[in-house]
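So the structure is just underneath, and the comments pick up after that.
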Amino acid sequence: MTKTNITRRGMLKGGAAMTALGAVGINPRFVRPAHASALASGMTGGPTGFPGAERFQYNESHSEGRAIEAMKKMVAEGRAPAKITMLLTDGAIGQITQPFPSGPSVKEVWEAETGVEIEIVGAPAGDIWKRVLQDVTTQSGAFDIYTHPWNSLGDLVEAGGAMNLNDFVATHQPDWADEERGTPTAQTAELLYKYGGDYYGASLDGDFQTWVYNKGYFEDSAHAQPFQDQYGRVLAPPNTWEESDQISAFFTGRTGLGGSKIYGNGNDMAPFWGLPRFYARLAAQAVPNMYWFDEDGRPNLDTDQAIKAASEYVKSREWAHPDALSWTYAEGYAGIGSGQTPHLTTYTNVTKFVDRMNEDGTPASPAAGQLSAYIPPGVNHDGDLVRRSVIYYNITGTVSSNSANPEAAYLFLQWLSSTRIYSWMTGNPAGYFDPFQKANFSEQFVEDTYHPYMMDTIRETIARSAPTINFAGQTAFDSALDEELQAALTGQKSPEDAMRDAQRKWERVIKRKGEEKMIPAIQASRAAWPTLIDKG
């Protein structure tokens with residue numbers, strides 16, 4: 001693959017690498033003989049020094065091993081940089097730099113095996129996209145690897161900031177879509193790693209919106225019997241959005257943990273944060289999916305299905321906290337943790353932070369020990385139950401098109417995101433990279449951190465998850481829709497008017513961006529939609 005833009009920084013980095021390695025005669029293959037002797041039989045790399053470390057070790061037949069061997073070859077040939085620089089959301093850095101459960105950190109293992117330093121530059125999640133755009137616009141080449149929301153991938157590609165990874169993927173063969181260890185479905189692999197049919201990103205997260213609930217509330221006879229008397233069915237995790245709304249309505253106004261008032265709908269509904277709630281309702285309105293656009297690339301927001309989804313979403317505010325329109329995920333976590341809400345859909349690490357014990361043995365929240373989870377509710381279409389969740393945000397790594405070391409950057413991304421290292425990293429509670437690979441869900445460290453009840457639920461949720469928008473114009477599309485939904489939530493417009501106005505705004509975005517470019521991207525995105533249908 002041809003380097004697209006050699007920067008002065010890159011030239012300096014490459015020269016520094018050759019100088020440093022040459023000066024001390026380092027050959028990474030033999031950097032750590034003691035380390036090699038501690039590996040399990042047949043393994044050539046990976047962590048050592050703690051019980052279970054062998055589960056994350058590898059050899060050249062594994063994705064991680066292929067990345068390491070290719071990196072070693074580059075070092076031996078004098079083609080490797082001294083350092084790879086990565087821009088990363090600061091809340092996730094700990095999972096790479098902090099040892100877990102003891103012994104080396106992820107960063108230390110890579111550096112010991114290759115001799116190539118990893119420099120991580122942190123930025124708040126809310127600022128990271130601005131930092132990426134700044135680097136792309138100025139072509140500074142300050143970073144070899146960007147991390148950013150998955151939703152921004154299309155805009156980054158269209159801005160010329162992300163390198164096409166097709167050649168690297170073909171050469172080094174990551175295990176991202178491995179049938180036994182990789183993504184839960186083939187559609188998930190399309191969703192996470194490709195844009196417009198080509199490889200551009202490496203997923204470092206599992207931001208599939210997942211439902212959790214307070215099982216203590218559901219099993220309490222003070223709630224269970226009145227619910228059954230009122231609705232004629234057992235108080236249990238809902239199968240449909242209609243059942244979910246009944247639960248929200250039933251609990252609103254009841255008394256919960258510590259005498260707190262319960263608000264039945266625990267979901268955050270602020271701009272940006274509330275948007276995936278609407279998308280999930282909309283996606284379930286048709287078999288196999290209610291797509292955001294029709295097959296010709298025309299928005300579906302003025303359809304009866306979209307208006308129905310918007311009307312239900314607006315009505316759900318009746319059972320939400322009065323401040324829900326300013327709630328982010330943090331307030332949602334606090335709501336389920338305090339017992340203020342009986343159920344909500346949010347990021348999967350809610351259980352890692354809320355349902356746990358502190359180091360001194362005290363509960364981290366009043367609801368600790370009372371939570372469980374269920375797969376997303378849906379809509380019943382004459383016996384076909386379409387349950388849908390969505391992916392939203394999801395930290396994704398891309399190789400900067402201005403990197404002077406694109407193959408080295410790719411190799412680190414492949415190693416970091418492959419199923420052994422990623423499973424080890426995800427079990428580490430020091431950050432918010434979340435599980436999404438099959439291998440993650442059979443890993444004891446991950447189960448210990450996220451709880452057994454989340455393992456099958458997250459996997460089954462992913463299999464039913466639709467993509468939100470990640471093609472060029474994503475910010476404009478989501479902002480327009482958000483603005484109209486907020487107008488409906490605050491009573492300034494009816495849901496019908498809001499959806500029709502959103503329809504016009506989306507059509508203008510497509511025209512402004514160019515139909516000849518937008519429609520193929522919209523049509524290509526359909527390959528990532530789920531096909532799984534349950535029976536109602």
Side-chain angles (χ1 to χ4, degrees), residues 21 24-77 80 84 95-118 168-183 202 204 408 410-430 433 435-450 452 455:
L21 294 172
V24 297
I26 291 177
N27 182 340
R29 184 181 293 275
F30 304 108
V31 163
R32 299 177 63 204
H35 171 70
S37 66
L39 295 168
S41 177
M43 298 295 109
T44 58
T48 59
F50 58 86
E54 65 277 5
R55 298 198 299 271
F56 314 108
Q57 296 170 2
Y58 42 79
N59 58 37
E60 294 180 39
S61 70
H62 301 136
S63 175
E64 292 90 345
R66 288 190 290 276
I68 290 291
E69 293 305 317
M71 193 70 251
K72 289 177 179 176
K73 185 172 184 292
M74 290 182 68
V75 171
E77 295 173 350
I84 295 169
Q95 282 170 299
I96 297 178
T97 60
Q98 293 186 25
F100 174 78
S102 59
S105 68
V106 168
K107 180 176 184 289
E108 288 169 338
V109 170
W110 166 271
E111 292 176 346
E113 293 185 5
T114 66
V116 177
E117 180 189 354
I118 299 300
F168 294 147
V169 169
T171 301
H172 302 297
Q173 301 177 46
D175 64 355
W176 299 331
D178 183 273
E179 291 185 358
E180 293 184 0
R181 301 180 58 85
T183 53
L204 296 172
Y410 168 80
L411 289 172
F412 176 65
L413 264 186
Q414 172 169 320
W415 180 83
L416 190 69
S417 62
S418 292
T419 60
R420 289 164 187 81
I421 292 299
Y422 192 77
S423 292
W424 176 35
M425 190 163 65
T426 305
N428 186 340
F433 291 148
F436 66 93
Q437 300 164 331
K438 288 180 181 177
N440 309 155
F441 301 120
S442 59
E443 169 47 48
Q444 189 61 52
F445 287 152
V446 178
E447 183 173 303
D448 291 345
T449 299
Y450 283 80
M455 297 296 95

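Nothing fancy with the numbering, it's 1 onward along the sequence.
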> Under the 3.5 angstrom rule, does the side chain of Glu113 hit a backbone N or O of Gly45 as a donor-acceptor pair?
Replying inline: no
> Listed by chain and number, what are the salt bridge (Lys or Arg N to Asp or Glu O under 4.0 Å) partners of Lys438, not counting sequence neighbours?
Replying inline: none
> With sequence neighbours excluded, what pairs up with Phe436 under the ring pair (Phe, Tyr, Trp, His ring centres under 6.0 Å) test?
Replying inline: Tyr422
> Tell me the salt bridge (charged side-chain N to carboxylate O under 4.0 Å, His left out) pairs involving residues 36-51, sequence neighbours left out?
Replying inline: none
> Who are the side chain to side chain contact (heavy atoms under 4.5 Å, CB included) partners of Thr171, not counting sequence neighbours?
Replying inline: none
> Side chains of Asn440 and Glu443: do they bring a donor and an acceptor to under 3.5 Å?
Replying inline: no
> Quick one: side chain to side chain donor-acceptor pair (under 3.5 Å) partners of Thr419, sequence neighbours excluded?
Replying inline: Asp175, Arg181
> Do Trp415 and Tyr410 have side-chain atoms, one donor and one acceptor, less than 3.5 Å apart?
Replying inline: no
>> Measuring only between side-chain heavy atoms, which start at C-beta, is Ser105 closer than 4.5 Å to Ile96?
In response: no
> In Å and rounded to the nearest 0.5 Å, what is the CE to OG distance from Met425 to Ser417?
Replying inline: 8.0 Å
>> As an exercise, state the distance from CG of Asp178 to CD of Gln173, rounded to the nearest 0.5 Å.
In response: 11.5 Å
> How would you list, by chain and number, every residue that makes a side chain to side chain contact (heavy atoms under 4.5 Å, CB included) with Asn59, sequence neighbours excluded?
Replying inline: Met43, Thr44, Ser61, His62
> Among all residues two or more places apart in sequence or in another chain, which pass the side chain to side chain contact (heavy atoms under 4.5 Å, CB included) test with Gln444?
Replying inline: Arg55, Glu447, Asp448
> Looking only at heavy atoms, what is the nearest atom pair of Pro101 and Phe50, with distance?
Replying inline: CD-CD1, 3.4 Å
> Taking only residues two or more places apart in sequence, or in another chain, which ones meet Ala408 in a side chain to side chain contact (heavy atoms under 4.5 Å, CB included)?
Replying inline: Met71, Met74, Pro81, Ile84, Asn405
> Trp176: what forms a ring pair (Phe, Tyr, Trp, His ring centres under 6.0 Å) with it, not counting sequence neighbours?
Replying inline: Tyr193
> Should the ring pair Phe100 and Phe445 be called parallel, tilted or perpendicular, given that the plane angle runs from 0 to 90° and is split at 30 and 60?
Replying inline: perpendicular
> Which heavy-atom pair separates Arg420 from Phe56 by the least distance, and what is that distance?
Replying inline: O-CD2, 3.3 Å
> Salt bridge check: are Arg66 and Glu69 linked by an N-O gap of less than 4.0 Å?
Replying inline: no
> How far apart are the closest heavy atoms of Thr449 and Gly427, and which atoms are they?
Replying inline: OG1-O, 2.7 Å
> So does Lys107 pair up with Glu111, basic N to acidic O under 4.0 Å?
Replying inline: yes
> Which heavy atom in Thr426 sits nearest to a heavy atom in Tyr450, and how many Å separate them?
Replying inline: O-CE1, 3.7 Å
> side chain to side chain donor-acceptor pair (under 3.5 Å) with Trp110: which residues, sequence neighbours excluded?
Replying inline: Thr114
> Got a sec, which residues hit ring pair (Phe, Tyr, Trp, His ring centres under 6.0 Å) with Phe441, two or more places apart in sequence or on another chain?
Replying inline: none
>> Working note: Val109 + Thr48, criterion side-chain contact (heavy atoms from CB on, under 4.5 Å); need CA distance, chi angles, decisive distance, verdict.
In response: CA-CA 9 Å; Val109 170; Thr48 59; over 6 Å; no
> Going through the checks in order, is the side-chain contact (heavy atoms from CB on, under 4.5 Å) test met by Val446 and Trp424?
Replying inline: CA-CA 8 Å; Val446 178; Trp424 176 35; over 6 Å; no
> With a 4.5 Å limit on heavy-atom distance, are the side chains of Thr183 and Gln437 in contact?
Replying inline: no
> Going by the salt bridge (charged side-chain N to carboxylate O under 4.0 Å, His left out) test, which pairs reach into residues 40-53, not counting sequence neighbours?
Replying inline: none
> Looking only at atom types and distance, does a side-chain atom of Gln414 sit under 3.5 Å from a main-chain N or O of Ser63, one as donor and one as acceptor?
Replying inline: yes
> Can you tell if the side chain of Phe433 reaches within under 4.5 Å of the side chain of Asn428, non-hydrogen atoms only?
Replying inline: no
> If you look at every heavy atom in Ile421 and Glu64, which pair is closest and at what distance?
Replying inline: N-OE2, 3.1 Å
